[in-house]
Amino acid sequence: MTTTALRPRPSVAALLAGLGISLVAVLSLSIFFGRYPVPYWIPPDLLFTDDMAQRLVLGLRLPRLIVSLALGMSLAAAGTVMQMIFRNPLVEPGFLGVTQGAAFGAALSILFLGSSLLVVQGVATFFALAGLALSYLLARYMRFGGWVLRLVLAGIAVSALFSSGVGVLKYLADPLTQLPEITFWLLGGLWGVTWRDVWIVLPVVIPGLLIVYLMRWRLNLLSLNDETAFSLGTAPGRERTVLLVAAVATTAAVTAIAGIVGWVGLIVPHLARRLTGANAQHTLPAAMLIGGMFAVICDDLARALLPGEIPLGILTALFGALLFIILMVRTTLRVQS
Amino acid sequence: MSGLITLEHLRFGYAADRPMVLPDLSLEIPPGTVTAILGPNGAGKTTLLHLVLGLLAPQGGVVRIAGRPLAEYGRRELSRQIALVPQAEHIPFDFTVLEYVLLGRSPYLGMLEMPGPADYRVAQEALALLGLTDFAPRPVTALSGGERQMAALARALAQEARILLLDEPTSHLDLSNKGRLLQTLRVLAGRGTTIVFTTHDPEMAVLAAQYVVLMRAGEIVDLGPIETVMTADRLTATYGTPVQVVRVDERPVVLLDLARPSVAGG
């Protein structure tokens, strides 16, 4: 029997292992990458001798690394989940009003509640979830089209509403104090991340990613027509909701801390599919590993490339768009007709 | 004769303010038979299939599988009993044919479980039965319509269900693929699988089925063995257009009778 051709590609296991090892390598090198005491590199022995280097790495760089890893993994996983659930490879996690909701919340908070990080994050999370809830409710009340089409349209409408709200708030903001702060938040970044943020993000991100990871075979089923998914034993509505809530909750948690970091959730699932094929059993872990690596590398560059911080969102957009162009030129993206 | 699938006074409509699609339908399908649900477009054939599958819930009446009401089955339990080949499936991602067929093993996997070697074996057998072994590593999205339909059938076979539902299985197939599909249905019926398919094509019913249910506007015009049901009068009443039935090698062949005036709307 020709079982060799029919077993999962052995290269997939090797590929995932390779990605895992690369991620560990990137994380290890990132600990030493920075601008103290000289640009780009802390000699490892300094960690044992220099008090300042020790405090810098343990108090600032390590929590920032953990949050950037969580950010990349969450956005990539959420992107994979949403693309498969909505059967549309051009969907990204900010979809369904989540990102624009968070942006509106943050701007509102900076304008009227002060710029305490905790308050901004809290209000941003609240509006991210409100964006999702509004999209969902609106889709429920629409009287035409299938469920997926209604969610897509509702998400676009709610995002546009919040986006116009952000515009109004920027117009009202004090151009010298509040406007720069809003703009910086909208550009996305991880400056000022501390261990407190790690403890806020991880309790949401770890269970969210675990749910998505464990349900990855179901994700394949849920990317099929409703009638097929149902005939294969799923409860499509209920299972899609569980996966969506997990994906959106992790997105909201990391967005509240990092601001708007675009493109990771759109481009990384495409890269993962190119490497492992469409089966989410392999795509999802690949996307999480690549997403983590992508975000950590971008954040390394954001904090160390120039004497001043480069907003992370600018770098992810730059590299993401470049990758997207390369992928588009080299493959045909299948868009739901 | 007790039915494997029994529908008792089934009532179904998509919205309260619209007419019922199925006003009152009763039907019994014996195990190990091949039944065609034949009728014009809009007769309620797919709705009937979805009610048997449990995807739609009837507003009245009951569907029984092996004597047990459908509602008493769990989702996974039911999907081990009934497999579906839908009419046309939009697959937006490049699953390989093998991965796609493996999805048919999901009823045997827990919510968080991945397919194992035994599942790969069943998927491989399903592919071999349909002569698709060479297609295993190819992306489903690169297949032709006919090949994709066969892949969907392989996926349904991997489900190892005793009831196979097919929704207009030959509507996108050329003659050679149609022949392959019909042969496969015969092999499956020989193995004891109960097959129910919808079609608007009388030829398909004659070639594949032992029993036929003639439907028009949500109601059963007639049902029974092919030989007795496929008459010119009944088919004319079903399709609302004059039809002739001639016999070729003892087999009824249905032809449009354009010489007679149409009876549509009657």
Side-chain angles (χ1 to χ4, degrees), chain A residues 1-9 80 83-91 143 146 148 210-211 213-236 238-239 242 269-270 273-274 276-283 331-337, chain B residues 46 49-50 53-56 74-80 82-96 98-115 117 120-121 123-125 127-128 133-134 136-137 139-141 152 155-156 158-159 161 165 167:
Chain A
M1 282 208 287
T2 55
T3 41
T4 40
L6 294 174
R7 293 303 318 243
R9 286 174 269 188
T80 310
Q83 289 179 4
M84 291 197 82
I85 282 184
F86 291 114
R87 287 179 243 152
N88 187 335
L90 292 181
V91 166
R143 281 278 157 265
V148 172
L210 204 62
I211 289 171
Y213 178 78
L214 290 174
M215 285 182 72
R216 64 198 191 283
W217 181 258
R218 307 298 276 188
L219 204 50
N220 289 328
L221 299 174
L222 296 171
S223 75
L224 302 176
N225 292 356
D226 263 12
E227 52 179 344
T228 310
F230 183 89
S231 77
L232 292 170
T234 66
R238 206 179 327 141
E239 291 181 28
V242 169
H270 280 284
R273 270 196 292 275
R274 282 294 295 270
T276 66
N279 182 356
Q281 187 185 348
H282 312 304
T283 314
T331 60
T332 317
L333 287 176
R334 246 172 282 273
V335 184
Q336 191 177 27
S337 52
Chain B
T46 300
L49 222 56
H50 285 171
L53 186 67
L55 182 63
L56 297 174
R75 286 290 321 107
R76 264 208 311 162
E77 191 187 4
L78 190 63
S79 59
R80 291 180 196 177
I82 309 179
L84 170 80
V85 178
Q87 195 170 144
E89 194 168 7
H90 172 69
I91 306 164
F93 296 102
D94 287 334
F95 295 113
T96 64
L98 175 66
E99 286 164 346
Y100 178 68
V101 173
L102 264 176
L103 295 176
R105 298 303 297 160
S106 302
Y108 300 90
L109 302 175
M111 177 77 94
L112 311 178
E113 217 179 323
M114 305 291 140
Y120 275 87
R121 205 159 43 242
Q124 183 187 2
E125 282 165 10
L127 285 170
T133 303
D134 293 344
V140 177
T141 45
R155 195 207 61 224
Q159 228 169 312
L165 307 178
D167 195 3

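Order of the sequence lines sets the chain letters (A, B, ...), proteins ahead of strands, with each chain counted from 1. Please read all numbers here as calculations on a predicted model, not as lab measurements.
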Worked verdict on A/W217 versus B/M111 for side chain to side chain contact (heavy atoms under 4.5 Å, CB included) | CA-CA 8 Å; A/W217 181 258; B/M111 177 77 94; over 6 Å; no

Correct closest heavy-atom pair for A/S231 and B/S79 would be O-CB, 3.2 Å

Donor-acceptor contact below 3.5 Å, side chain A/Q281 vs main chain B/P115 = no

Applying a strict 4.5 Å limit to non-hydrogen atoms, the region of A/T234 in contact with chain B is backbone

A/R273 meets the salt bridge (Lys or Arg N to Asp or Glu O under 4.0 Å) criterion, sequence neighbours left out, with none

Salt bridge (charged side-chain N to carboxylate O under 4.0 Å, His left out): pairs with one or both residues in residues 219-228 of chain A, sequence neighbours excluded = A/R87-A/D226, A/D226-A/R240

Picking from A/T228, A/L224, A/L232, which has the most non-hydrogen pairs under 4.5 angstrom with chain B?
-> A/L232

Checking side chain to side chain contact (heavy atoms under 4.5 Å, CB included) for the pair A/N220/B/E99: CA distance, chi angles, key distance, verdict?
-> CA-CA 9 Å; A/N220 289 328; B/E99 286 164 346; over 6 Å; no

Honestly, the part of B/A158 sitting under 4.5 Å from a heavy atom of chain A is neither

Go through the atoms of A/Q83 and report whether side chain, backbone, both or neither lie under 4.5 Å from a heavy atom of chain B.
-> both

From B/E113 CD over to A/M215 CE, what is the distance, rounded to the nearest 0.5 angstrom?
-> 14.0 Å

Distance-minimising heavy-atom pair for B/P92 and A/S223 | CD-O, 3.8 Å

Relative to chain A, which segment of B/L103 carries a heavy atom at a distance below 4.5 Å: side chain, backbone, both, or neither?
-> both

Report the C-alpha separation of B/H50 and A/F230 in whole Å, then their side-chain angles, then the decisive distance to 0.1 Å, and conclude whether the side chain to side chain contact (heavy atoms under 4.5 Å, CB included) test is met.
-> CA-CA 10 Å; B/H50 285 171; A/F230 183 89; over 6 Å; no

Pick one of side chain, backbone, both or neither for B/R80, based on which atoms fall under 4.5 Å of a heavy atom in chain A.
-> neither

With a 4.5 angstrom heavy-atom cut-off, could you sort out which part of B/E89 is near chain A: side chain, backbone, both or neither?
-> both

